[in-house]
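The block underneath contains the structure these notes are about, expressed in structure tokens.
All chains are named by letter (A, B, ...) in the order of the sequence lines, taking the proteins before the strands, and each is independently numbered beginning at 1. It should be emphasised that the depicted structure is a prediction, and the values quoted were computed from it without experimental measurement.
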Protein chains: 2
Amino acid sequence: MKLEQATIKDIARELNVSSSTVSRALKDYPGISDETKRKVKELAEKMNYRPNAIALSLRKSRSFTIGVIIPEVVHFFFSTVISGIEEVAFSRGYNVILTQTNEKLAREKSSVDTMLSNQIDGFLVSYSKETTDFNHFSRLLDQGFPIVFFDRVPEIEDSVNVVVDDFKGSYEASKHLILQGYRRIYHISGPVQLKISKERLRGYQAALEDHGIKFENSWVIECPRGDENEAKEITLEILKTNSEKPDAFFCHNDMAAVGVMMACKEMGLKIPQDIGVVGFSNWQFCTMLDPSLSSVAQPGFKMGAKATEILLDIIEKKINTKETQNTFVLDTELLVRKSSVKI
Amino acid sequence: MKLEQATIKDIARELNVSSSTVSRALKDYPGISDETKRKVKELAEKMNYRPNAIALSLRKSRSFTIGVIIPEVVHFFFSTVISGIEEVAFSRGYNVILTQTNEKLAREKSSVDTMLSNQIDGFLVSYSKETTDFNHFSRLLDQGFPIVFFDRVPEIEDSVNVVVDDFKGSYEASKHLILQGYRRIYHISGPVQLKISKERLRGYQAALEDHGIKFENSWVIECPRGDENEAKEITLEILKTNSEKPDAFFCHNDMAAVGVMMACKEMGLKIPQDIGVVGFSNWQFCTMLDPSLSSVAQPGFKMGAKATEILLDIIEKKINTKETQNTFVLDTELLVRKSSVKI
DNA sequence: ATCGATGCCGCAAACGTCTGCATAATTTTT
DNA sequence: AAAAATTATGCAGACGTTTGCGGCATCGAT
């Protein structure tokens with residue numbers, strides 16, 4: 001059953017005027033008498049007229065819709081980003097259509113295609129872990145199509161990016177561990193192909209060097225999936241085999257940190273007395289853990305809002321991609337909790 | 001900068017045929033020679049032709065898009081529902097446009113409006129905590145517009161709903177606590193205006209009665225916000241003032257359960273030895289807590305998938321709203337972990 | 001040679017809205 | 001009183017697709 005929606009034509013017929021007049025009256029165009037405007041608006045109200053956005057899109061070749069592509073909504077961080085995106089988009093009269101890639105490249109590509117088919121005005125993208133080739137995006141960028149990348153950003157010339165300062169956040173977290181007296185600080189790192197993984201690793205290394213701690217390659221362990229089970233396995237492995245044991249872990253994300261904590265408990269090690277732990281992203285559960293987990297908070301809402309503002313400015317030609325700075329960096333905040341404070 | 005997209009007309013001009021022919025050739029309609037089809041398809045490929053979904057929507061008065069309205073994406077449960085929705089929608093050729101209401105009625109209403117403006121083919125709705133009047137939905141239902149409600153469902157005649165068996169899940173969880181030897185089982189309940197809150201309360205009461213435990217009204221405490229801080233406050237209050245102390249808590253959701261656990265720890269009570277705790281929803285963090293939290297798992301993905309299947313069937317007229325059963329109930333699963341097993 | 005059937009394709013209208021241009025009616029200016 | 005300016009409205013075409021209908025060949029059968 002289709003919804004019988006009143007159209008401009010219906011109003012026009014009823015009032016014995018042309019659809020042009022109705023269209024202009026509704027939009028308060030000049031050159032329409034106040035009397036006519038009043039009648040049109042009244043009837044529109046009465047007939048519960050609702051403009052057909054599809055027809056408008058076709059006519060204007062603009063859909064007032066932006067496409068958002070993210071890896072997974074279940075990630076707390078991404079879900080806060082979404083809120084920021086919606087907030088700005090709605091307040092500026094845009095709709096949001098969203099798809100998650102589930103970290104699959106194929107899904108990412110097909111999402112791009114169907115969104116383009118739907119004539120979206122621009123993209124907001126955080127790409128999948130599988131994505132190493134950015135042709136499907138750079139092709140569009142070359143044609144001048146508006147895209148803003150956030151969080152996970154590509155290394156493409158001229159792409160507009162919004163990121164958090166992973167390096168600094170990572171540096172601060174590592175420094176905090178050092179100042180607390182931890183010395184043998186291991187790093188559970190993320191998948192190396194992601195730029196954020198590299199940045200977080202760099203921050204960690206820089207902090208160690210700056211504080212005169214000689215850094216060992218064996219202290220860095222990659223944890224590609226980044227979930228707690230993987231991290232737990234890896235940590236157990238380390239705690240059981242390594243001759244010189246770690247006394248702290250700085251983790252690429254909070255899930256990994258949980259894995260580390262579980263492994264430590266299993267080995268009878270006390271946190272934070274024997275082992276310090278710091279995570280990244282500040283998931284909701286950080287405060288619920290025992291001990292509560294120190295973490296680097298990423299401003300998800302702000303990132304979503306900022307990225308959207310930039311994208312809409314580009315779409316509305318308020319800024320020019322070629323002229324604008326192309327990477328916007330947001331600050332993180334280190335939240336110190338019990339897991340990293342020696343008593 | 002707009003994307004210069006090739007249209008059917010462009011292909012037609014290039015090949016000296018009419019747009020009708022191109023349209024039909026692309027869709028393998030009968031009555032077009034194989035030769036022409038080949039040429040059209042080849043050129044379409046070469047020109048990177050992508051159908052304009054907007055034009056199609058206008059022509060067909062169908063957008064192949066469904067609108068999803070949920071309270072908040074940060075809720076783990078809802079984010080899994082979204083995955084289920086996307087999965088089914090995409091596989092059946094539909095797009096998804098999503099908005100969160102942030103539990104605000106005004107936002108819910110305006111979302112309905114803009115989505116209707118965008119000619120969506122149907123709604124998938126879990127309404128906000130503020131919503132007590134369902135006129136904005138029942139009006140549409142009366143006109144035969146396809147809507148499926150999930151999780152939070154209204155008590156409207158003829159509305160099609162997908163829910164989990166809150167009663168049974170709640171009953172099983174409470175029974176489990178009883179069988180573990182807990183007797184003075186308190187219930188931290190959700191906002192009373194939500195049907196799910198009522199159902200969970202009923203299940204809890206029924207379990208107690210069936211096992212000969214005399215039920216006291218003071219054992220049920222409403223926790224409207226449902227976050228851990230609120231629950232913690234309330235629990236501390238109970239533990240400090242009540243003369244006859246509880247020996248277990250069955251909570252309306254996992255966040256509340258965390259609050260209970262924090263309060264117990266603060267009071268020096270051991271879980272599960274002194275106090276048993278069971279939550280609801282099985283958030284990711286349940287396994288990360290210490291002790292791990294027993295919880296009633298809701299099949300979020302399945303719920304999203306099921307609701308979408310039903311909605312699309314209604315849209316495509318495969319089923320008739322009047323004839324079909326109108327409430328689909330999915331089973332929950334009690335996941336017993338350490339927080340509720342006396343050792 | 002005629003007829004009917006069949007295969008291939010184009011015309012034109014429609015979906016709902018906007019907008020440049022023309023037109024008609026009214027008022028102002030000279 | 002005629003010309004010019006202003007005001008209020010309508011016409012028609014466009015955005016990109018689909019689709020009912022009709023037209024023109026070609027072919028086989030009678």
note = Residues of residues 38-46 of chain B with a heavy atom under 4.0 Å from any atom of DNA chain D, listed by number, are none
key: Side-chain H-bond candidate by donor/acceptor type, A/Ser83 with B/Gln100, under 3.5 Å   = yes
Take atom [atom1] of [X] and atom [atom2] of [N], then tell me their distance rounded to the nearest Å.
X: B/Arg13; N: D/dG16; atom1: CZ; atom2: P; answer: 10 Å
X: A/Glu35; N: D/dT7; atom1: CD; atom2: P; answer: 18 Å
X: A/Gln5; N: C/dG16; atom1: CD; atom2: C1'; answer: 12 Å
X: B/Ile54; N: C/dA14; atom1: CD1; atom2: P; answer: 22 Å
X: A/Arg62; N: C/dT17; atom1: CZ; atom2: C1'; answer: 16 Å
X: B/Lys9; N: C/dC11; atom1: NZ; atom2: P; answer: 13 Å
X: B/Met47; N: D/dG16; atom1: CE; atom2: C1'; answer: 14 Å
X: B/Leu56; N: D/dC15; atom1: CG; atom2: C1'; answer: 14 Å

Given [options], which nucleotide is nearest the side-chain atoms of [X]?
X: A/Ser33; options: C/dG10, D/dA8, C/dT17; result: D/dA8
X: B/Thr7; options: D/dG16, C/dT17, D/dG10; result: D/dG16
X: A/Ser18; options: D/dT17, D/dG10, C/dC15; result: D/dG10
X: A/Thr36; options: D/dT17, D/dC15, D/dT9; result: D/dT9

query = For B/Arg38 and B/Glu35, what are the C-alpha separation, side-chain angles and deciding distance, and is it a salt bridge (Lys or Arg N to Asp or Glu O under 4.0 Å)?
reply = CA-CA 5 Å; B/Arg38 194 186 51 73; B/Glu35 172 66 7; 3.3 Å; yes
ask   = Between B/Asp28 and B/Lys41, is any pair of side-chain heavy atoms under 4.5 Å apart?
value = yes
ask   = Among all residues two or more places apart in sequence or in another chain, which pass the ring-ring contact (aromatic ring centres under 6.0 Å, His included) test with B/Phe149?
value = B/Phe137
key: Contact state string [nucleotides 19-24 of chain C, B base, S sugar-phosphate only, - no protein heavy atom under 4.0 Å]   = BB----
request  = Would you please name every residue forming a salt bridge (Lys or Arg N to Asp or Glu O under 4.0 Å) with B/Asp158, sequence neighbours left out?
outcome  = B/Lys322
ask   = Reckon A/Pro51 touches a base, only the sugar-phosphate, or nothing at all at heavy-atom distances under 4.0 Å?
value = sugar-phosphate
ask   = Contact class for A/Asp34 vs. all strands (heavy atom < 4.0 Å): base, sugar-phosphate, or nothing?
value = nothing
Donor-acceptor contact present, side-chain A/Glu108 to main-chain A/Thr131, <3.5 Å = no
task = Under the side-chain hydrogen bond (donor to acceptor under 3.5 Å, both in side chains) rule, collect the residues that match up with A/Thr101, sequence neighbours excluded.
result = none
request  = Decide salt bridge (Lys or Arg N to Asp or Glu O under 4.0 Å) for A/Arg13 and A/Asp10; before the verdict, give the C-alpha distance in whole Å, the side-chain angles of both, and the deciding distance to 0.1 Å.
outcome  = CA-CA 5 Å; A/Arg13 196 178 319 112; A/Asp10 297 329; 3.3 Å; yes
query = Do A/Arg107 and A/Glu72 meet the salt-bridge criterion of a basic N to acidic O distance under 4.0 Å?
reply = no
key: Nearest-nucleotide comparison on DNA chain C, the residue closer to the 5′ end among B/Val22 and B/Ala55   = B/Val22
ask   = Which pairs count as ring-ring contact (aromatic ring centres under 6.0 Å, His included) when at least one residue sits in residues 86-131 of chain A, sequence neighbours excluded?
value = A/Phe64-A/Tyr94, A/Phe123-A/Phe145, A/Tyr127-A/Phe134
